[in-house]
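Structure first, then comments.
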Amino acid sequence: TMNRTRVCKGTDISELNTTPGCAAQLPTLKGDKQHIVLFRPHLRDGDSPRPWPDTYRDHWDPDHVKMPCSKENLYPVDDGSGQKKLRGRWELIQETLLGEIKSSLDLEEAILKYNSRYSNRWDFRGLHGYFTEVIDATEAIHFFNKTLPDLVRLALQLPNICTQALPLLKKQENMSITMSQQQIACLLANAFFCTFPRRNAKQRQSEYASYPDINFVQLFKGGRSGVEPRKAEKLKCIMNYFQRITTEMPTGTVTFSRRVLHDLPRWDKCSEELPRIHTTSCGTIEDDGLGMLQVDFANKYIGGGVLGWGCVQEEIRFMICPEMIISRLFTESLDNNECLVMTGCERYSNYTGYGDSFLWDGNFKDNTTRDSWGRIYTEVVAIDAIHFSNPKDQFKPGMVKRELDKAYVGYYGDDVLPRHLSAIATGNWGCGAFRGDPRLKALIQLMAAAVAKRDLVYFTFNDVKLAEDIYNMHEYIKAGGLSVGELWSAIKEFHEHFCTGRKKTAPLTLYQYIHRRYSDSDSSTGEDDVSTTP
Ligand code: AR6
C-alpha cells in the first residue's frame, strides 16, 4: 500500500477563477444610504485618503457606534469632595493618555482612570506578564518609548481621522462601510486603550449585548500563572501590527458589508449540477486561497474568541489580519440568512501551529495588489455554522437547510456574472470547534456553490483520506448527473432511514448511502436494459 502524505485532486487551481484576473470593473466609489464611505473617494497615490466630512459629525443614537470622542460621552468622576459629577469622558481620556505611561502598570492605571467602574474587576496580569516574561527588556522599553506614544497620538486623533460616527451593521439590513486602513488603525488603537463607551457591560439587557466585545481588556487578562501562552502569542501579533502601522501607515481602504438574503433557494427544486472542485490535503485558506473568496469559519459574534481564549481558524485569521477585528465594533450578531464580507484586509503576521501550539512567527509582507478603490484583493466571508453537540442533529432537514442557506448567503455573488465570480476557498467549515461532519458539510458547501455559480477549492487541513473521499463523491455525483435537488432528497432520506433511531451513529455513512442508492438504481436499470435488449 502507498503511504501518501499529500493528495491534490480535481480541477487544477490555475483553471479556476481568481481575482484580479476574473474581477469585473468596479463602479466609481460613491457612498449612498446603504454604503457609508468614511473618506473622500479621490484616492491620492501614496497618501491616506482624506476623511469625510471635513469636521467631526456626531451621531449619538441607536443606529451608530457611540464614539469615545462624542460630546455625549460623559462619565461620573469624583469632584474632590466625595461627590460624583459628570464629566466629558474624551477629555479625561486625553488627559490620562497624555500622562506618563512607562510600564504596563502605568498603562493599567491609565485605562482604569476612565473605566473606574471596572477597577476591581478587570485583570491585567496577562499584559504585565507579556512585558516582563515574554518579550525582553529592550523591546519593552522600545514599546513604551516609541510605539505607545505613537499609538496614543493616533488614538487621540480620532475626531480628525474618523470624522463621523460609524453606522452599525444591524440585523436584517444590507449595509456596507468603506474606510481607510488609517481609520481602522485609529479605531484599533482606541480599542487597545479600551475607550469605547457602553461596550463593557456584560448583562443580557445591556445596550450592545448583541454585539461582540471590542475593547481589548479580555486580551490583557491573566491565566493561572500570569500570561497564558495563547494570549502572549496574540499580543505579539497585535504588537507587530501596531509596530507596523506606527512605522508606516498603510494607505489603502477596506470594505465591510453585511449581506442579508430574503429569497433563499428552494433546495428540493434546484436543478443545478455541482460546480468544479479542487480538493487538497495541503495548504491553508489564507496561504493558498489567493484571489479566491476565502471562508472565515465564523462565530455569529464576528471574530469569536479572538480577544479571549479562542485560537482556531477564525481567531488566528483575525490575529494575522488585525484589521478584521474592527468588524466587532459595528457588526451585530449574524442571523441565519446573513453574512459579513470583508474586502481588503491586509495580512501582517506569519504563524505556526494551531490552538495550544499557535505561535506568532514574525512579520509578513502582504504583496497582494489593490483594486481601483484601494483595497487589497483579499475577500473574506464570515459565515457561522451551527454548533452540534449531538452529531446526528446535523442531518435533520431543518439543520441541513440552515447550513445550505448560510453557505449560500456567503457565496452569493449579487448580480455579478458567473465569469467574474472567484472560486471559493474553504474547508472543514463548522467541523472543528462546532463538531460538524466534514463529509456532509463538503456536500452542503458544494450544493450552495452550485446555486451561487462558483467553483470550490477544499482544503482538508492535512486529512488525506478526506481529500480523496470528497473528490470521489464529487466525481460520482457528476458522473450520475445528480442535481442539487436530488442531493437534497438523498440527504433527507439518509436522515429518515439512519438518523432517527436511538443508535448513536448510523450504520452507513452519508457517502456510502448515496453510492448505494444510485448504484442500486443504476444496476436495476441495467438489468431492465438487459431483459429488454434482444
Ligand atoms: N485553512 C484551512 N482549514 C483550516 C484552517 C485554515 N487556516 N484552520 C483550520 N482549518 P474551526 P468551526 C480546518 O474549529 O468548527 C471559532 O471559535 C481544521 O480542520 O476553527 O466552524 C469561531 O469563532 C479545523 O478543525 O471552525 C467559532 O466560534 C476546521 O477547519 C468556532 O470556532 C474547523 O475550524 C467555529 O468552529
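Reckoned from all heavy atoms, side chains included, excluding hydrogens, waters and symmetry mates. Just so you know, ligand 1 is whichever comes first in the structure, and atom 1 is the first atom listed for that ligand.
Between Pro397 and Lys492, the closest heavy-atom pair is CG-CG, 3.8 Å. The minimum heavy-atom distance linking Arg439 with Tyr511 is given by the pair O-OH, 2.7 Å.
Looking at ligand 1, you'll find an N or O of Gly432 within less than 3.5 Å of one of its N or O atoms. For ligand 1, the polar-atom distance check against Ala385 finds no nitrogen or oxygen pair separated by under 3.5 Å. Considering backbone and side-chain N/O atoms, Arg435 never comes within less than 3.5 Å of an N/O atom of ligand 1.
Set against the non-hydrogen atoms of Gly304, the atoms of ligand 1 under 4.0 Å away are 23 (O). The Ile285 neighbourhood of ligand 1 comprises atoms 1 (N), 2 (C), with distances under 4.0 Å to a heavy atom of that residue.
Atom NZ of Lys465 sits in a sparse spot, with 12 or fewer heavy atoms from other residues, nucleotides or ligands closer than 6.0 Å. Heavy-atom neighbours of Lys300 NZ from other residues, nucleotides or ligands within 6.0 Å: at or below the threshold of 12. Around NZ of Lys396, the count of heavy atoms belonging to other residues, nucleotides or ligands within 6.0 Å does not exceed 12. The 12-atom threshold is exceeded at NZ of Lys66, counting heavy atoms of other residues, nucleotides or ligands nearer than 6.0 Å.
Distance from atom 27 (C) of ligand 1 to its nearest protein heavy atom, with residue and atom name: Phe434 CZ, 3.6 Å. The protein atom (non-hydrogen) at minimum distance from atom 23 (O) of ligand 1 is Glu314 OE1, 2.6 Å. If you check which protein heavy atom lies closest to atom 17 (O) of ligand 1, you get Glu315 OE2, 2.6 Å. The protein atom (non-hydrogen) at minimum distance from atom 20 (O) of ligand 1 is Gln313 N, 3.0 Å. Among protein heavy atoms, the minimum distance from atom 19 (O) of ligand 1 is reached at Asn428 ND2, 3.0 Å. With respect to atom 3 (N) of ligand 1, the closest heavy atom belonging to the protein is Phe461 CD1, 3.3 Å. Ranking the protein heavy atoms by distance from atom 28 (O) of ligand 1 puts Asn299 ND2, 2.8 Å first. Protein heavy atom closest to atom 9 (C) of ligand 1, with residue, atom name and distance, is Tyr354 OH, 3.2 Å.
Arg244 forms no cation-pi arrangement with Tyr348, by the criterion of a distance under 6.0 Å to the ring centre and an angle within 45° of the ring axis.
Taking a cutoff of 4.0 Å between a charged side-chain nitrogen and a carboxylate oxygen, Arg402 and Asp384 qualify as a salt bridge. Taking a cutoff of 4.0 Å between a charged side-chain nitrogen and a carboxylate oxygen, Arg347 and Asp287 qualify as a salt bridge.
With 3.5 Å as the limit, one finds a donor-acceptor pair spanning the side chains of Asn215 and Asn200. Of the N and O atoms on the side chains of Tyr351 and Glu286, at least one donor lies less than 3.5 Å from an acceptor on the other residue.
Heavy atoms of Cys431 approach ligand 1 to within less than 4.0 angstrom. Residue contacts with ligand 1 include Gly430, since one of its heavy atoms falls under 4.0 Å from the ligand. Using 4.0 Å as the threshold, Ala433 has a heavy atom nearer than that to some atom of ligand 1.
Proximity annotation for atom 7 (N) of ligand 1: of His387, Gln294, Glu286, Lys300, Glu286 comes nearest, heavy atoms only. Distances from atom 32 (O) of ligand 1 to the heavy atoms of Asp463, Thr460, Thr280, Val312 show the closest one on Val312.
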